[in-house]
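Just so we're on the same page: letters track the sequence lines, and every chain starts at 1.
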Number of protein chains: 2
Amino acid sequence: MPSEKRLYRSVLIKLEKLIEEGEYPPGGRLPPERELAERFSVSRPTVREAIIALEALDRVEVKTGSGVYVLDTPKRVNGVDASISAFELTEARALIEGEAAALAATMISDEQLAALEAIMHEMVDESEDGELLSEQADQKFHQMISEATGNSMMIAVFNSLWHIRDNSPAVHAAYQAICGMEPQSRVDEHVEILDALKQRDPKAAREAMHNHFARILNKLIAANEQAHIDEIRRKTRESRERFSLNHLSAGA
Amino acid sequence: MPSEKRLYRSVLIKLEKLIEEGEYPPGGRLPPERELAERFSVSRPTVREAIIALEALDRVEVKTGSGVYVLDTPKRVNGVDASISAFELTEARALIEGEAAALAATMISDEQLAALEAIMHEMVDESEDGELLSEQADQKFHQMISEATGNSMMIAVFNSLWHIRDNSPAVHAAYQAICGMEPQSRVDEHVEILDALKQRDPKAAREAMHNHFARILNKLIAANEQAHIDEIRRKTRESRERFSLNHLSAGA
DNA sequence: AATCGGATACTGGTCAAACCTTTTTATATG
DNA sequence: CATATAAAAAGGTTTGACCAGTATCCGATT
């Protein structure tokens, strides 16, 4: 639940939402602290705390004596432009995690292989349960592989990519849209990756990882196409209603 | 000037400094808010503001009723994680930029190829001048390739890697130590990469990029070995002086 | 003697009411 | 009309109090 324990958190979330919804557009000014305090039924210090958090997140700029100004498109996740599409992220992941898998194949320890196997079982067991646990198992699987490279830079890059996956609204929405599709093939692909690692075969590991992401990419494309079709249908329906002669004939 | 206008800013900076200096180690607890307020001669709300800013920056974790805990080395890729070695960074760059080059080979435009060619000339012309300009040309060359992928995520990752290269003290020092070595072979390697891109040959581009980084890696290893040897010699000399009988016989 | 439970001190969480400084604006004055 | 001045408005900071979790310690119980 987003209802954090600390009050300023809830104010922070409300303000972010209002900014996101265009209530307080970029370049514009937030209402005075006193007014916000009254509006949210909290004290002024609490509003200040929320504003300072927003400031630390580069969402607003505070000008003494003037007001709190909303910054334009500070849409950054982890210092990275959040305008990245799910396609771009997935392509990058395919390339980077493909190499990570290849490197991991030459470096991975028996303990790490065992850990991967355990995660694999989690994934299978929970594929019938809610997607939440399966999602976590998926992350652990990929993370373990990045860690098996023994290269902290690769691990850091992986974490950064996953962070964007989870926190960029556009990307997250796209992944959510396809998350439940074909659970079996997803498991199969992970098995394939694991097998390649077991045999410590870099080429096979890279290829298996590429296969995995190729399927995700295909699903993203298919989902995207479907979304576009739905959008066109919706607009068509709107147009039909707008331009229909019904209301005219009704008025006559 | 670090003397920020808002008081909480100066407290924030002081706290960051104290954390950086190990006064408040990761996992440890900050002194109580009231104590900090007294120590910095500010009010408690001001201290709270600084702590909330630290929290928003993922530097500390606040546990109600318990205390403010310092988080261990932020895993953020930006902001320079000093725990990454030059070896790890270079290996990661080899893998990631290798894939970037391969992708770029299939996507690059004629304009971008021309731009690369221009940068190449800069690199040749200035290889006799100071290393500064040559360094800049090198960055532009690699950056242009990452941009030629047409994938903003790959561009973001590249920028992140380069940022670490420039800002992590350990990494920067290691690169500085080898920057002047064999200028001709460096140019040759870049020419090889450019040629592969011109022919839009992904495999050749990847291989050329790998060669480039393999040489850097070799130089890093050689420089590292030399540094270790120097260190041993220094220690040996110190030991000789320390344990020599000179000062004893002088005193006699 | 060891353990469990509760009283108590400690820590962050929140609020209220002031007062200061800077910026903005409105107004009066030349 | 332009400028200077005063008033209003905004954020900046402090004080002091009280609340709500958390950790600690000490005594009662077993």
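- Spacing between atom CZ of R9(A) and atom P of dG12(C) amounts to 17 Å, rounded to whole angstrom units.
- Taking atom CD1 on I51(B) and atom P on dG12(C), their separation rounds to 7 Å, with Å as the unit.
- As a whole-Å value, the separation of E38(B) CD from dT11(C) P is 13 Å.
- Rounded to an integer number of Å, the gap from CD of E55(A) to P of dG12(D) is 8 Å.
- dT14(D) atom P lies 14 Å from atom CD of E49(A), rounded to whole Å.
- When all heavy atoms of M144(A) and A115(A) are compared, the closest pair comes out as CE-CB, 3.7 Å.
- Separating the CZ atom of R6(B) from the C1' atom of dT13(D) is a distance of 13 Å, rounded to the nearest angstrom.
- Remark: R200(A) engages D110(A) in a salt bridge, criterion side-chain N to carboxylate O under 4.0 Å.
- Ring orientation note: the planes of H142(A) and H190(A) are nearly perpendicular, at an angle over 60° on the 30°/60° scale.
- Taking for each of E35(B) and Y69(A) the nucleotide of DNA chain C with the nearest heavy atom, the 5'-most of the two is the partner of E35(B).
- Distances were taken from every side-chain heavy atom of R48(B) (C-beta onward) to each of dG13(C), dA16(C), dG11(D); the shortest belongs to dG13(C).
- For K17(A), there are no salt bridge (charged side-chain N to carboxylate O under 4.0 Å, His left out) partners two or more places apart in sequence or in a different chain.
- A salt bridge is absent between R48(B) and E55(B); no separation between the charged side-chain nitrogens and carboxylate oxygens falls under 4.0 Å.
- What you find for E88(A) and G150(B) is that their closest heavy atoms are OE2-O, 3.6 Å.
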Using atom names, set out every protein N or O paired with an N or O of nucleotides 18-22 of chain D below 3.5 Å, distance rounded to 0.1 Å.
{"unit_1": "dG21(D)", "atom_1": "N2", "unit_2": "G65(B)", "atom_2": "O", "d": "3.3"}

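- With salt bridges taken as basic N to acidic carboxylate O contacts below 4.0 Å, none links R29(A) and E61(A).
- Atom-to-atom, OH of Y8(B) to P of dT14(D) comes out at 14 Å; the value is rounded to the nearest Å.
- Taking the side chain of S43(B) as heavy atoms from C-beta on, and the options dT14(D), dC15(C), dA10(D), the nearest nucleotide is dT14(D).
- In this structure, E33(A) places its CD atom 5 Å from C1' of dG11(D), rounding to the nearest Å.
- Among the nucleotides dG11(D), dT13(D), dT14(C), the one closest to the side chain of L7(A) is dT14(C).
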